[in-house]
Amino acid sequence: MSDQLKFIVEKLNQEPFKKNYNLITFDSLESMQLLQLLNDVLGEIDPKHVVDIREEMPDQTTKRMLSLLGILKYKPPGSIIDLSTFRQGLVTGSKPVIHPVLHWLLQRTNELKKRAYLARFLIKLEVPIEFLQDDTVADTNKQYEELMEAFKNLHKECEQLKASGFSTAEIRRDITAMEEEKDQLIKRVERLKKRVETVQNHQRMLEIARQLRLEKEREESLVQQKQEQKNQLFHAEQRLQRVQLQLKAMHHAVADSKPESLVKKLEAEIKLNSFLVNEEIPRDLETKKQSLYFLQKVVAEPAMSQSDLNELETKIDEVNAQINQLIEKRMIKYEPIDSRFSMYRQQASIISRKKEAKAEELQAAKEEMSNIERQMLQKANEARELEGTEILKGDEFKRYVSKLRSKNTLYKKKRQEIAEITAEYGILQRTEELLKQRHDAIQQQLQAIEDKKGISGYSYTQEELERVSAVKSEMDEMKGRTLDNMSEMVKKLNATVAEKKSSLAPVVKELRQLRQKCQELTQECDEKKVQYDSCAAGLESNRSTLEQEVRGLRQESIQEESGYHFINCAKQNLEVQLQRAKDEMKMYISPDPQERRKAIREQYTRMILEQENLGKKLREKQKAVRESHGPNMKQVKMWRDVEQLMELKLIVKNWWCSYAVSSESQPEHYIASSNFPEISPQIYEDG
């Protein structure tokens, strides 16, 4: 405990807390101060928890801390088993509860920061199934899951890049190398430009080369588009085939759907479900319980060696043999009485087995059908996304075809009417042009007459007055209509609002009750979730301890088994040696000389005699060599002296030949200047 407190104080005095505690001040903290300190540590891990607990209710604080500790997978120590005790200690700020939590959090702060960050994005929101029936909610949920998977992949890539070990120095070196390559390429391009400028029509050639490159790129893109369109066409054809098959199956299903057949199917399904619930599932449950009981019994027993397993196998064989004997005795004893019922029993057992087999096949077929229906719904959703509309079924498709035919006929009629109206519009347009021409001519005549009479502009003024009066009357009429429409609209809106209020009043009342019930259920769900998290944490700790015990027992079993095998091998070696010693003793004592010769003692005796004889011969040979060593060495020395005399004779002969040719005038000087090899006096004595 003292080491734990020292570690907590040391960590709290460091960055980013800087509390300046010692063991005495830390131990003298009150419960609220401890809770605030724990909240500060949790706020360092997850910034959402940076709050002042004095401004928060104790239940909310406890719930918030427990939820974050559950996300961080904190397991209470072994001394705190009950979750209610842990929660009570967290509410009251008990030191035996807060200190282990602080120690655990401060030990692995960086890891917990990462876990809290990931939990913010990876804890999946559970949407009720009834809400997923809405297409908008389902699409949003699917998009949410896809974004979650994308976030997982991006986070993994980010971690891999962080762990890949790329340093800034390496990146800078790569950048400088790339810049050098870029400069070299720029220089090379400039040299090529200078070389090309000397060629005639180089601009035209460059333009042609650029166009050729663009056309090649366009060709590649067109080939790629062609391949993509082929793939899309192939997928579309496959999708069309699948949809056509589904449509045929739906047509067959709709054609056979009569009330009597549906009732029969429902009755058969009810019988099957009742059989599964009353007979099949309880039997499977009983077998699972028995197997679980046996497995727990096996786990509770100590580890067994190979000899124990062999002993158990022999016992099992003996018990099986006894069971077979008892069955045979019983059959012999009760055969005359039960001979009449044996056939019926066999038939009943065969029928029951067939029934069970068919029930299993039907269950498998149901599962397969549910999978196929799920795939069909998925394909329908995909088709809806691609086509934009749902796939029509039998009667709906017929109605759609009939509606389309009526629309086609209506379209033809309307098109004919449009053609007639277009022709009439052309005629009217021509008539309008002629009337405009006549109007312009009449206006010119009228203007000339007004100028002649001295009242120019009279007709224009009269037309303007008439136009203004007409516009005023139209505006007055429009205002009256607008006021009437607005009053009617206000009346309608008031009536609609009153009607909606009266219709929504019970719904609002029911909604309030449902909201209250939802809040209660949410609170109960949170409590159950906290209980579940604490129970899961306790079970996880128990499982880890059991795994450690099992691992240690397995290690001990392996060591004991290896020791057993080692002792067994040593025993076999000793048995072999003992057997060899017994055989040797038997052959040594045997009166038969041939058997006695096979004994190892006799063989070693013969080998010793042979080696002794060989040693005697070698010693005699050594003695002879020692006696003849002195004369032989003297003879070798004499032969070496003879060899040296012959070499001197050869040298003297060569000297006399050179003397006769080159030094007839001064023989004394030549003899004095010549180099003869020195001859030891021992050679003359030996010679």
### Query
Between Glu620 and Lys623, does at least one N-O distance fall below 4.0 Å, as a salt bridge requires?
no
### Task
Step by step, work out the side-chain contact (heavy atoms from CB on, under 4.5 Å) result for Leu68 and Tyr74.
CA-CA 9 Å; Leu68 182 57; Tyr74 171 72; over 6 Å; no
### Query
Is the closest side-chain heavy-atom distance between Val223 and Lys226 below 4.5 Å?
no
### Query
Does a side-chain N-to-carboxylate-O contact under 4.0 Å join Glu145 and Lys142?
no
#### Entry: From CG (Asn542) to OG (Ser544), nearest 0.5 Å
7.5 Å
### Query
If every non-hydrogen atom of Leu42 is compared with every non-hydrogen atom of Met65, which pair is closest and at what distance?
CD1-CG, 3.7 Å
### Query
Is a side-chain N or O of Thr176 found less than 3.5 angstrom from the main chain of Arg172, in a donor-acceptor match?
yes
### Query
Could you go step by step and tell me if Lys114 and Tyr117 meet the side-chain contact (heavy atoms from CB on, under 4.5 Å) rule?
CA-CA 5 Å; Lys114 182 179 177 183; Tyr117 169 75; 5.7 Å; no
### Asp317 versus Thr314, side-chain donor and acceptor atoms under 3.5 Å
no
### Query
CG of Asp533 to CD of Glu540: how many Å apart, nearest 0.5 Å?
12.5 Å
### Query
Does the distance from a Lys or Arg side-chain N to an Asp or Glu carboxylate O, for Glu217 and Arg213, drop under 4.0 Å?
yes
### Message
Counting only heavy atoms from other residues, nucleotides and ligands, does the tally under 6.0 Å from CD of Glu547 exceed 12?
### Response
yes
### Task
Take Leu34 and His99, measure what side-chain contact (heavy atoms from CB on, under 4.5 Å) needs, and give me the verdict at the end.
CA-CA 9 Å; Leu34 270 177; His99 287 175; 4.2 Å; yes
### Query
Do other residues, nucleotides or ligands put more than 12 heavy atoms under 6.0 Å from the CD atom of Gln238?
yes
### Summary
Output for pair (Gln227 CD, Gln229 CD), nearest 0.5 Å, gives 10.5 Å
### Message
Working to the nearest 0.5 angstrom, can you tell me the gap between Ser67 OG and Leu72 CG?
### Response
9.5 Å
### Query
What pairs with Lys48 under salt bridge (charged side-chain N to carboxylate O under 4.0 Å, His left out), at least two apart in sequence or on another chain?
none
### Task
Report the distance from atom CD of Gln611 to atom CG of Leu614, rounding to the nearest 0.5 Å.
5.5 Å
### Query
Are any side-chain N or O atoms of Asn153 and backbone N or O atoms of Glu149, one a donor and one an acceptor, separated by less than 3.5 Å?
yes
#### Entry: Side-chain heavy-atom pair Leu574, Gln577 within 4.5 angstrom cut-off
yes
### Query
Quick one: does Asn22's side chain get under 4.5 Å of Asn13's, heavy atoms only?
no
### Query
More than 12 non-hydrogen atoms from neighbouring residues, nucleotides or ligands closer than 6.0 Å to CZ on Arg242, yes or no?
yes
### Message
Please evaluate residues Thr287 and Asp284 with respect to the criterion side chain to side chain donor-acceptor pair (under 3.5 Å), reporting the C-alpha separation (whole Å), side-chain torsions for both, the decisive distance (0.1 Å), and the verdict.
### Response
CA-CA 5 Å; Thr287 54; Asp284 293 341; 4.6 Å; no
Sequence neighbours excluded and cut-off under 3.5 Å, please list the side-chain donor-acceptor pairs for residues 102-111, or say none.
residue, atom, partner, partner atom, Å
Arg108, NH1, Trp104, O, 3.3
Thr109, OG1, Leu105, O, 3.1
Glu111, OE2, Arg115, NH2, 3.2

### Query
For Glu219, does the CD atom sit with more than 12 other heavy atoms under 6.0 Å from it, leaving out its own atoms?
no
### Task
Could you tell me whether Glu368 atom CD has more than 12 heavy atoms of other residues or ligands within 6.0 Å of it?
no
### Backbone of Glu367 reached by a side-chain donor or acceptor of Asn371 within 3.5 Å
yes
### Query
Quick check: are there more than 12 heavy atoms from other residues, nucleotides or ligands sitting under 6.0 Å from CE of Met148?
yes
### Query
Just wondering, more than 12 heavy atoms not from Tyr564 lying within 6.0 Å of its OH?
no
### Query
Looking at side-chain heavy atoms only, is the closest gap between Glu311 and Lys315 below 4.5 Å?
yes
### Message
Heavy-atom count check: over 12 atoms from other residues, nucleotides or ligands less than 6.0 Å from Tyr532 OH?
### Response
no
### Task
Could you check Lys582 against Leu578 for side-chain contact (heavy atoms from CB on, under 4.5 Å), going step by step and ending with a plain yes or no?
CA-CA 6 Å; Lys582 286 180 180 178; Leu578 183 60; 3.9 Å; yes
### Task
Measure the shortest side-chain to side-chain distance between Ile608 and Glu612 over non-hydrogen atoms and say whether it is less than 4.5 angstrom.
yes
### Task
Nearest 0.5 Å please: distance from the NZ atom of Lys182 over to the CD1 atom of Ile175.
12.0 Å
